[in-house]
*Asks:* 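Structure in structure tokens, see below.
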Amino acid sequence: MKLMSIYFFIFGVFFFQLCFFVPHLQTYLNGIYLRSVESGEEWVRLPKSHILPQPYRIIQIGAPRSGSTFQFQLLNAIVSLKSSANEEITSTFFARENWRIFPLIQDVVNNKSFIVKTHFDHPIFEIFQQRGYASIFASSVDIAPYAVYNQERERLVECPLCEIDRYKSMFQLSEKDVELLMEHMDLYSSLRMCCGEQMSKYEILRLNGCNVTQYVELPDYPHCEDKDLEDIEVKFAGSPIPFHANNPEVNWARPGDCARFSEEIASGKGFNGRTLTSCEIYGKFAGYTRTNGTKIHFDFGNFTENSPWLRKYMQFHNSAIDFRGNLKDDVPYLVYQCTDDMVCGDWGERLMGMVKALFLAMCTGRVLLIDSTSPVPLDTILNPGFIAWNVAPPENAIEIFDALVFDAMNADFPLSKHHNTLGYRI
């Protein structure tokens, strides 16, 4: 009982100093930020020539999808690299609804290292930094402008690994440290963007069979389809820098997770396991919008839930189109064609011909393309939805079509796989 009284007395003194003691000249982290209370001047940022003291006590703040997890894991990697092997480091996430300040105060009193990730700012975080009890890092300047370092998303997207150089002076990183961190974070970036329920919005669409050719040249497109994720998993698991898995229920934690999450997402899921409602992108997310009652979107998940054969074909179709929007070389294809010099019938017969063409393409493992220019190009009236049916056929298509032409107006045209034939025309 006596020990408890002493402990709470110490805690009370600490809390009083934390909340109420304000000197005339306040110092943020060894002189990085200064403000004259008497003159009422704003906080002034001084040159970052300082060194963060050990033990490292860090609070990372950032809005969802702002690069906050990358910054959090980079800080985890740096602290693990710069701390002694036997040092205990707390790495955790604070949600707004259940966070508690007491564990942080305990770690400060006990002189322990911690790295906390959160999506919200709180006045006590600024007090912590003001007293030198913790260092605040933020993934955007608007959420915590007083932070030691504010990561810029645009700059992060252009060069994620360049962020490491911006931490060199603060953590006294050697060239060897930077080299290790570069390799570690390069592998992590691939896993973050390509594996887990919080993977890239573009990869979510691609895995669900959506056409992503319009996004592949964007700087934040991850090109997961070109990566050997199994090899990346093994290499990252063997990294000399310890990895602190953040919410392994939705994020990568161990080898094999990439395949597991990819299968889960491909079943019609989106960010954090939500049902994917379309092949469109709305802001930071794929496949769903804010509920505003003004627009109803096609439910992609329900559309393919009972049609695995259709989902499989959609994935095959869109994977056969390269980043320039062209059909890849040596991919079997079938073209439904209707031009001014052809007898195509009325709209009902044309739609039936397209249905026949789709069925034939699915049965023979081919990509369906539609070249309908009569009376006007079809894609001026209908936009491609879940498959890109309006991409151009290969340049040698004319020669092939002259040899193998099926008449869609004739219901008895033969269905055959013809493995040695690259293209058909209907």
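Source: prediction; values computed, not measured.
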*Asks:* Would you check if Phe316 and Val367 make a side-chain contact, meaning some heavy-atom pair closer than 4.5 Å?
*Replies:* yes
*Asks:* Would you please say whether a donor-acceptor pair under 3.5 Å links the side chains of Tyr215 and Asp220?
*Replies:* no
*Asks:* Looking only at non-hydrogen atoms, find the nearest pair between Pro145 and Asn150 and report the distance.
*Replies:* O-ND2, 3.8 Å
*Asks:* Please report the C-alpha distance between Tyr133 and Phe125 in whole Å, then the side-chain angles of each, then the deciding distance to 0.1 Å, and finally whether the side chain to side chain contact (heavy atoms under 4.5 Å, CB included) criterion is met.
*Replies:* CA-CA 9 Å; Tyr133 302 144; Phe125 297 159; over 6 Å; no
*Asks:* Do Val108 and Phe128 make a side-chain contact, defined as non-hydrogen atoms from C-beta onward lying under 4.5 Å apart?
*Replies:* yes
*Asks:* Does the side chain to side chain contact (heavy atoms under 4.5 Å, CB included) test come out yes or no for Phe94 and Lys117, once each step is laid out?
*Replies:* CA-CA 6 Å; Phe94 277 177; Lys117 179 180 187 290; over 6 Å; no
*Asks:* Among side-chain atoms of Gln198 and Arg192, is any donor-acceptor pair under 3.5 angstrom?
*Replies:* yes
*Asks:* Spell out, as yes or no, whether a donor-acceptor pair under 3.5 Å connects the side chain of Asn208 to the backbone of Cys279.
*Replies:* no
*Asks:* Where is the tightest heavy-atom contact between Leu156 and Gly67, given as atom of each residue plus distance?
*Replies:* CD2-CA, 3.8 Å
*Asks:* About how many Å separate CE of Met199 and CG of Leu191, when rounded to the nearest 0.5 Å?
*Replies:* 11.0 Å
*Asks:* For Ser80, give me all partners under side chain to side chain donor-acceptor pair (under 3.5 Å), at least two apart in sequence or on another chain.
*Replies:* His244
*Asks:* Does some side-chain heavy atom of Ser190 sit less than 4.5 Å from a side-chain heavy atom of Leu187?
*Replies:* no
*Asks:* Would you mind reporting whether Phe114 and Ser91 have side-chain heavy atoms less than 4.5 Å apart?
*Replies:* no
*Asks:* Please test Ile59 against Leu104 for side chain to side chain contact (heavy atoms under 4.5 Å, CB included), starting from the C-alpha separation and ending with a verdict.
*Replies:* CA-CA 10 Å; Ile59 300 175; Leu104 294 184; 4.2 Å; yes
*Asks:* Would a 4.5 Å heavy-atom cut-off, applied to side chains only, mark Val212 and Tyr221 as touching?
*Replies:* yes
*Asks:* Please test Tyr202 against Gln214 for side-chain hydrogen bond (donor to acceptor under 3.5 Å, both in side chains), starting from the C-alpha separation and ending with a verdict.
*Replies:* CA-CA 10 Å; Tyr202 308 118; Gln214 60 183 310; over 6 Å; no
*Asks:* Ile115 versus Thr90: any side-chain heavy-atom pair under 4.5 Å?
*Replies:* no
*Asks:* Just checking, any donor-acceptor pair under 3.5 angstrom between side chains of Asn272 and Glu197?
*Replies:* no
*Asks:* Please confirm whether the ring centroid of Phe171 lies under 6.0 Å from the ring centroid of Tyr56.
*Replies:* yes
*Asks:* To check you understand the geometry: which heavy-atom pair defines the closest contact between Tyr333 and Val331, and what is its length?
*Replies:* CD2-O, 3.3 Å
*Asks:* Quick one: pull up CG in Asp228 and NZ in Lys235 and give me the separation to the nearest 0.5 Å.
*Replies:* 8.0 Å
*Asks:* Please round to the nearest 0.5 Å and tell me the distance separating atom CD1 of Ile370 and atom CG of Leu368.
*Replies:* 5.0 Å
*Asks:* Using every non-hydrogen atom in the two residues, find where Glu87 and Ser113 come nearest and quote the distance to one decimal.
*Replies:* OE2-OG, 2.6 Å
*Asks:* Once you measure the plane-to-plane angle for Phe236 and Trp252, does it fall in the parallel (<30°), tilted (30-60°) or perpendicular (>60°) bin?
*Replies:* perpendicular
*Asks:* Under the rule for salt bridge (charged side-chain N to carboxylate O under 4.0 Å, His left out), what residues qualify as partners of Glu88, not counting sequence neighbours?
*Replies:* Lys112
*Asks:* If you compare all heavy atoms of Phe70 against all heavy atoms of Ser189, which two are closest, and at what distance to 0.1 Å?
*Replies:* CE1-OG, 3.3 Å
*Asks:* Counting neighbours of CD on Gln172 that are heavy atoms of other residues, nucleotides or ligands and sit closer than 6.0 Å, is the number greater than 12?
*Replies:* no
*Asks:* State whether cysteine residues Cys194 and Cys224 meet the disulfide criterion of an SG-SG distance below 2.5 Å.
*Replies:* yes
*Asks:* Should the heavy atoms of other residues, nucleotides or ligands under 6.0 Å from CD of Glu263 be counted, would the total exceed 12?
*Replies:* no
*Asks:* Tell me every residue that passes side chain to side chain contact (heavy atoms under 4.5 Å, CB included) with Val178, counting only those two or more places apart in sequence or in another chain.
*Replies:* Ile164, Asp165, Lys168, Leu173, Met182
*Asks:* Looking at Gln60 and Leu75, would you say the former's side chain and the latter's main chain have a donor-acceptor pair under 3.5 Å?
*Replies:* no
*Asks:* Could you tell me which residues satisfy salt bridge (charged side-chain N to carboxylate O under 4.0 Å, His left out) with Arg260, sequence neighbours excluded, listed by chain and number?
*Replies:* Asp257
*Asks:* State whether a side-chain donor-acceptor pair under 3.5 Å links Glu163 with Tyr149.
*Replies:* yes
*Asks:* Crowded around Gln54 CD? As in, over 12 foreign heavy atoms under 6.0 Å?
*Replies:* yes
*Asks:* At what distance, to the nearest 0.5 angstrom, does CG of Leu81 lie from OG of Ser239?
*Replies:* 9.0 Å
*Asks:* I need the minimum non-hydrogen distance between Ala63 and Ser68, along with the two atoms involved.
*Replies:* O-OG, 3.7 Å
*Asks:* Can you see whether Asp121 engages Tyr146 through a side-chain donor-acceptor pair at a distance of less than 3.5 angstrom?
*Replies:* yes
*Asks:* In plain terms, say whether Glu203 and Arg206 are close enough for a salt bridge, that is, a side-chain N and a carboxylate O under 4.0 Å apart.
*Replies:* yes
*Asks:* Would you check, one step at a time, whether the test side chain to side chain contact (heavy atoms under 4.5 Å, CB included) holds for Tyr336 with Asp371?
*Replies:* CA-CA 6 Å; Tyr336 172 85; Asp371 178 24; over 6 Å; no
*Asks:* I'd like to know if the side chain of Gln129 and the backbone of Ser135 have a donor-acceptor N/O pair within less than 3.5 Å.
*Replies:* no
*Asks:* Residues two or more places apart in sequence or in another chain: which of them pass side chain to side chain donor-acceptor pair (under 3.5 Å) with Ser139?
*Replies:* Ser66
*Asks:* Should His119 and Phe93 count as side-chain neighbours, where that means a heavy-atom distance under 4.5 Å?
*Replies:* yes
*Asks:* Just verifying a value: how many Å separate Ile78 CD1 and Met185 CE, rounded to the nearest 0.5 Å?
*Replies:* 8.5 Å
*Asks:* Kindly state each residue pair satisfying salt bridge (charged side-chain N to carboxylate O under 4.0 Å, His left out) with at least one member in residues 77-86, sequence neighbours excluded.
*Replies:* Lys82-Asp177
*Asks:* Quick one: pull up CG in Asn251 and CD in Gln73 and give me the separation to the nearest 0.5 Å.
*Replies:* 8.5 Å
*Asks:* Are any non-hydrogen side-chain atoms of Phe243 and Tyr188 less than 4.5 angstrom apart?
*Replies:* yes
